[in-house]
Engineer: 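Have a look at the structure that comes next, please.
Computed from a predicted model, the values in this text were never measured in an experiment. All chains are named by letter (A, B, ...) in the order of the sequence lines, taking the proteins before the strands, and each is independently numbered beginning at 1.
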Number of protein chains: 2
Amino acid sequence: MFKLNACLVLFLKKLIPLKSNFNDKQIQILEVAEILFAEKGFDGTSIRNIAKVAKINIAMVSYYFGSKERLLESLIVYRTSDLKNQLDNLLQEELEPIDKINKLIELYINRINSNRGIYRILHFEFTSKKREQNLQAFSELKKGNLKSLEAIIEEGQKKGIFRKDVIIPLITPTILGTFFHFHMNKPFFENLLNLKTEDLYNNYIKTNLTKHIQQTIKALLIYES
Amino acid sequence: MFKLNACLVLFLKKLIPLKSNFNDKQIQILEVAEILFAEKGFDGTSIRNIAKVAKINIAMVSYYFGSKERLLESLIVYRTSDLKNQLDNLLQEELEPIDKINKLIELYINRINSNRGIYRILHFEFTSKKREQNLQAFSELKKGNLKSLEAIIEEGQKKGIFRKDVIIPLITPTILGTFFHFHMNKPFFENLLNLKTEDLYNNYIKTNLTKHIQQTIKALLIYES
DNA sequence: GTTTAATTTAAACAACTGTTTAGTTTTAAT
DNA sequence: ATTAAAACTAAACAGTTGTTTAAATTAAAC
């Protein structure tokens, strides 16, 4: 009875390797940390700050994660572990290349938009030289994403639909960069485009911004001078 | 003799209003602050840190700027005061709209690329809710830039060269976002594209990245489905 | 029910934070 | 040479920082 249970736990841990590595208390801390890091930056957030919001003792962060730095690492693992699967599924769908690109853009934006916190943190914290060590796991994620995009575009090029003089690695910066730059300047665009409520803002992203990016990438890939 | 000098100083101060408002010592502090803020973020940089590198007493920051926060404000004024002129000059050149766009993209990238520090800081520090007050001056700068872009595109639309169903305010995010996303992930792209030296990296921006962005915007503006 | 381990706590640690103070040195004006 | 302002300094201020400790509480195992 006991041994069977232990085996089951190990088995489940292999299956859902990353999310289930954290217990309820850890997740509670991670989610508060995500909000605060995103809002005020890693350096702008103190452990006491996290502890207060999460209603735990300040020692619990060290107890569960070792240090503040390793709390950040855990947070990234916690949030980015299932993106690869989503992309792989998309790749195997039976769609025209341009529709795959459009779906990929939608997937990216939806995902980032509903996980704003962690992506803001990634965007902020992993660019400064300060945290170059922890960069590896994040770098692997990006390489995998690029491979998926490459596969789609090369498929389109073989079919003669896409032009061949595009620099594929620079397409991701255009997709993500456009979104990020928009979102980073949220107050500016809220004011400029009259997006008074959070709903209006989100809707604008889901429709207009997504469409703009899709339109841009399509024009870039298909246009013939 | 004395009065003439005083008048001359006042006259010069009017002419070069912002840069010359800071004395040598202040500029020395500002330039160190720029490097450190860009490298480690505003919160990640301490006044003692700045003082040590700039080889000044820690009290001098408060003495010259009032506070750390106002040092940041001064830094932004110091660095962004002449962009508007550059854009106005471009607008008045006699060029085809698409060439103006290309020149504008080149101007943006060159400028940001040779002032990486301050733009990294702007990008980082003025997105978090923490510093929303100081946002105004920056917001005016952005609005002015957008007006310039609008003028060029509307000119092209009147001439029948540019399509009319583009969302103009979203073009800046695509131009700047692409660049920033590339530059923010510098270590990743250095590794991916084999840009081993700083020169190779800068050259890639000046040629390939700039061309990619110009190609993208041109395709977006001119493409007809 | 006892024992062992895991969890949680308050308190303390030393180091660092931005800012102010009171005093000294330097510079410039008359 | 005298005076007043500006520039600069070391020291101290009161808080905050991340982390550790040792003791208390809770949960689990047998």
Side-chain angles (χ1 to χ4, degrees), chain A residues 1-10 13 20-30 32-33 36-37 39-75 121 125 128 130-131 133-134, chain B residues 1-10 13 20-30 32-33 36-37 39-75 121 125 128 130-131 133-134:
Chain A
M1 181 67 174
F2 155 70
K3 270 191 176 174
L4 189 71
N5 251 340
C7 263
L8 190 67
V9 166
L10 275 173
K13 279 199 180 180
S20 60
N21 269 349
F22 300 111
N23 62 39
D24 290 357
K25 205 97 216 176
Q26 284 178 302
I27 289 174
Q28 178 192 347
I29 297 170
L30 284 170
V32 170
L36 296 182
F37 286 166
E39 222 171 71
K40 316 195 288 172
F42 181 77
D43 290 318
T45 307
S46 70
I47 291 185
R48 279 166 182 80
N49 221 320
I50 297 168
K52 201 172 185 181
V53 178
K55 285 169 192 165
I56 49 146
N57 189 277
I58 52 163
M60 299 308 287
V61 170
S62 292
Y63 178 74
Y64 275 122
F65 298 97
S67 69
K68 190 188 172 191
E69 199 90 15
R70 288 214 272 148
L71 168 64
L72 176 60
E73 288 180 49
S74 298
L75 179 56
I121 296 164
E125 306 302 338
S128 65
K130 233 180 166 187
R131 263 170 278 288
Q133 331 125 333
N134 325 24
Chain B
M1 180 68 175
F2 155 69
K3 271 191 175 173
L4 188 73
N5 250 339
C7 262
L8 190 68
V9 167
L10 275 172
K13 278 198 178 180
S20 61
N21 268 349
F22 300 112
N23 63 38
D24 290 357
K25 206 97 216 176
Q26 285 179 301
I27 289 174
Q28 178 192 349
I29 297 171
L30 285 169
V32 170
L36 295 182
F37 286 166
E39 222 172 68
K40 316 195 289 174
F42 181 77
D43 289 320
T45 307
S46 70
I47 290 184
R48 279 166 182 80
N49 222 320
I50 297 168
K52 201 173 186 181
V53 177
K55 285 167 191 164
I56 50 143
N57 188 277
I58 52 163
M60 298 310 287
V61 170
S62 292
Y63 178 73
Y64 275 123
F65 298 97
S67 69
K68 190 188 172 191
E69 199 89 16
R70 287 214 275 149
L71 168 63
L72 176 60
E73 288 180 50
S74 298
L75 180 54
I121 296 164
E125 306 302 338
S128 65
K130 233 182 169 186
R131 261 171 280 287
Q133 331 126 332
N134 324 27

Engineer: Just verifying a value: how many Å separate B:Ile121 CD1 and B:Glu39 CD, rounded to the nearest 0.5 Å?
Structural biologist: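 Going from CD1 on B:Ile121 over to CD on B:Glu39, the span is 10.5 Å.
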
Engineer: If a protein heavy atom is under 4.0 Å from the base, mark B; if only from the sugar-phosphate, S; if neither, -; do that for nucleotides 12-26 of chain D going 5' to 3'.
Structural biologist: B----BBBBB-----

Engineer: With rounding to the nearest 0.5 Å, note down the distance linking NZ in A:Lys25 to CD1 in A:Ile27.
Structural biologist: 12.5 Å

Engineer: Nearest-Å distance, CD (B:Gln28) to P (D:dA7)?
Structural biologist: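 It works out to 14 Å between those atoms.
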
Engineer: Within this structure, what is the CD1-to-P distance between B:Ile50 and C:dT19, rounded to whole angstrom?
Structural biologist: 10 Å

Engineer: Tell me the interatomic distance from A:Phe65, atom CZ, to C:dT7, atom P, rounded to whole angstroms.
Structural biologist: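 Going from A:Phe65 (CZ) to C:dT7 (P), I get 12 Å.
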
Engineer: Starting from P on C:dA6, measure out to CD on A:Gln26 and report it in whole angstrom.
Structural biologist: 14 Å

Engineer: Would you mind reading off the distance between A:Met60 atom CE and C:dA6 atom P, rounded to a whole angstrom?
Structural biologist: 13 Å

Engineer: How close do A:Phe37 and A:Leu72 get, heavy atom to heavy atom, and via which atoms?
Structural biologist: CD1-CD1, 4.1 Å

Engineer: Using rotation axes that map the C1' atoms of four end pairs onto the next four (five pairs an end), what angle separates the end axes of the helix from C:dG1-D:dC30 to C:dT30-D:dA1, to 10°?
Structural biologist: 10°

Engineer: Using a 4.0 Å heavy-atom cut-off across all strands, classify B:Tyr64 as base, sugar-phosphate, or nothing.
Structural biologist: sugar-phosphate

Engineer: Enter the distance from A:Phe42:CZ to A:Leu75:CG here, rounded to the nearest 0.5 Å.
Structural biologist: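 The CG atom of A:Leu75 is 10.0 Å from CZ of A:Phe42, to the nearest 0.5 Å.
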
Engineer: Any side-chain N or O of A:Lys25 less than 4.0 Å from the OP1 or OP2 oxygen of C:dA6?
Structural biologist: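 So the side-chain polar atoms of A:Lys25 never come under 4.0 Å of the phosphate oxygens OP1 or OP2 of C:dA6.
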
Engineer: If you look only at distance, which donor and acceptor atoms sit under 3.5 Å apart when one is on a side chain in residues 46-66 of chain B and the other is two or more places apart or in another chain?
Structural biologist:
unit_1: B:Ser46; atom_1: OG; unit_2: B:Asn49; atom_2: N; d: 3.0
unit_1: B:Asn57; atom_1: OD1; unit_2: B:Ala59; atom_2: N; d: 2.9

Engineer: Just how far, in rounded Å, is P of C:dT27 from CG of B:Asn23?
Structural biologist: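 Answer to the nearest Å: 14 Å.
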
Engineer: What pair of heavy atoms forms the shortest contact from A:Lys68 to A:Asp43, and how long is it?
Structural biologist: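 The answer is NZ-CA, 4.2 Å.
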
